[in-house]
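First comes the structure, then the notes that go with it.
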Amino acid sequence: MYQTYIFDLDGTLLDTLQDLAASTNYALSSHGMPTHSVDDIRRFVGNGVRRLMERAVPDGAANPAFEATFATFRQHYMQHSLDTTQPYEGIPEVLHALKQRGCRLAVVSNKMMAATQELVSHFFPDVEVAIGENEAAGIRKKPAPDTVYEALRQLGVTKDDAVYVGDSDVDIETARNSGLPCISVLWGFREKEFLLAHGATTLIEKPEEIEAI
């Protein structure tokens with residue numbers, strides 16, 4: 001049994017795909033660019049919202065309208081990040097059970113800091129610390145270990161008896177870079193074969209399995 005759980009957010013605790021897709025396509029259409037299917041957006045997510053938009057905008061960051069499009073996305077998403085986003089079934093109950101057991105809980109995300117903290121505060125009162133993208137403060141986004149180290153620092157614990165839980169190859173690499181074991185979930189944005197190909201060693205199909213590991 002672990003004592004500290006560091007969770008990814010999108011695709012692990014929250015199904016945010018529809019809202020991310022809506023804000024992406026709103027920004028693209030607002031600037032006269034072609035939109036994408038939800039399946040396209042699923043493939044684009046996982047490395048932060050700037051990388052999402054680099055993949056969605058034609059020619060990426062080299063597009064002269066990229067920064068304006070990205071700014072439109074950020075503004076729209078901050079206003080609409082709760083439109084359809086919901087926790088995956090069973091997640092709130094598992095977090096509460098872990099908290100009742102005396103475990104320490106944190107979330108680390110490549111989502112914008114304000115959006116990360118708003119979503120975690122809204123949905124997950126049992127989570128003590130939420131760390132989002134904040135490179136201006138010297139905290140590099142995942143797969144760098146900075147967000148994990150900052151979460152451990154704010155929790156006041158070491159990485160001993162800690163585990164990372166995520167749904168993507170970025171999460172597997174983040175755990176590795178942080179020196180933590182990784183639990184890869186199969187209800188998120190990536191398929192089992194993809195995760196195994198990127199080094200997943202412990203996979204679970206249902207949130208309640210987290211408590212048994």
Side-chain angles (χ1 to χ4, degrees), residues 7-89 91-92 106-125 127 129-137 139-144 146-147 151 165-171 173-174 185 187-191 194:
F7 291 93
D8 170 57
L9 186 58
D10 294 38
T12 301
L13 300 181
L14 287 179
D15 186 355
T16 56
L17 187 59
Q18 295 294 332
D19 286 338
L20 287 168
S23 291
T24 299
N25 285 331
Y26 174 84
L28 293 171
S29 61
S30 294
H31 292 271
M33 300 176 186
T35 58
H36 294 278
S37 69
V38 173
D39 280 342
D40 285 340
I41 302 301
R42 182 189 300 275
R43 291 191 294 271
F44 295 164
V45 299
N47 297 85
V49 292
R50 185 177 184 87
R51 187 67 176 133
L52 162 62
M53 292 305 294
E54 286 176 355
R55 291 165 171 159
V57 169
D59 297 322
N63 190 309
F66 174 80
E67 293 299 339
T69 308
F70 183 41
T72 300
F73 167 87
R74 289 172 66 98
Q75 181 180 22
H76 187 272
Y77 188 67
M78 286 304 301
Q79 295 172 350
H80 296 275
S81 63
L82 293 173
D83 285 3
T84 65
T85 288
Q86 290 292 326
Y88 289 102
E89 185 177 356
I91 285 292
V107 167
V108 297
S109 175
N110 278 343
K111 191 183 294 294
M112 296 171 287
M113 178 69 81
T116 298
Q117 294 183 336
E118 177 185 3
L119 288 167
V120 171
S121 175
H122 181 80
F123 287 112
F124 306 120
V127 172
V129 170
I131 307 295
E133 181 183 359
N134 193 10
E135 295 195 15
I139 301 174
R140 294 170 297 167
K141 67 182 182 179
K142 302 182 293 182
D146 301 27
T147 53
V165 185
D167 76 304
S168 74
D169 54 319
V170 174
D171 293 314
E173 189 175 354
T174 301
V185 309
W187 55 80
F189 297 161
R190 298 292 185 265
E191 301 293 334
F194 179 91

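From a predicted model like this one, the values you see are computed outputs, not experimental measurements. What you see below is based on every heavy atom in this structure, not just the backbone, and it leaves out hydrogens, waters and symmetry mates.
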Check: [Y] and [X] side chains under 4.5 Å, non-hydrogen atoms:
X    : Y    : value
M33  : N63  : yes
F7   : V120 : no
H36  : R55  : no
F189 : S168 : no
L20  : F44  : no
W187 : I91  : yes
N110 : R51  : no

Assess whether side-chain contact (heavy atoms from CB on, under 4.5 Å) is satisfied between S109 and D10, documenting all intermediate values. CA-CA 8 Å; S109 175; D10 294 38; 4.3 Å; yes

R50 vs F66, test: side-chain contact (heavy atoms from CB on, under 4.5 Å). Steps then yes/no. CA-CA 10 Å; R50 185 177 184 87; F66 174 80; 3.6 Å; yes

[X] side-chain N/O to [Y] backbone N/O, donor-acceptor pair under 3.5 Å:
X    : Y    : result
R190 : V185 : no
K111 : L119 : no
D83  : D19  : no
D8   : G166 : no
D171 : D167 : yes

Which distance, rounded to the nearest 0.5 Å, do you find between the [atom1] of [X] and the [atom2] of [Y]?
X    : Y    : atom1 : atom2 : answer
H122 : F124 : NE2   : CZ    : 9.5 Å
K141 : T147 : NZ    : OG1   : 11.5 Å
L17  : T84  : CG    : OG1   : 8.5 Å
S23  : M53  : OG    : CE    : 9.0 Å

I need the minimum non-hydrogen distance between [X] and [Y], along with the two atoms involved.
X    : Y    : value
A61  : E54  : CB-OE2, 4.1 Å
F123 : L82  : CE1-CD2, 3.4 Å
M113 : G132 : SD-N, 3.2 Å
T72  : A27  : CG2-CA, 3.9 Å
M78  : A115 : SD-CB, 3.8 Å
K142 : V108 : NZ-O, 3.2 Å

Would a line drawn from the ring center of H80 to the ring center of Y26 be shorter than 6.0 Å? no

Per the side chain to side chain contact (heavy atoms under 4.5 Å, CB included) rule, which among T24, L52, T16 passes with Y77? T16

Just wondering, more than 12 heavy atoms not from E67 lying within 6.0 Å of its CD? yes

Let me see the working for E133 and V49 under side-chain contact (heavy atoms from CB on, under 4.5 Å), right down to the final yes or no. CA-CA 9 Å; E133 181 183 359; V49 292; 4.3 Å; yes

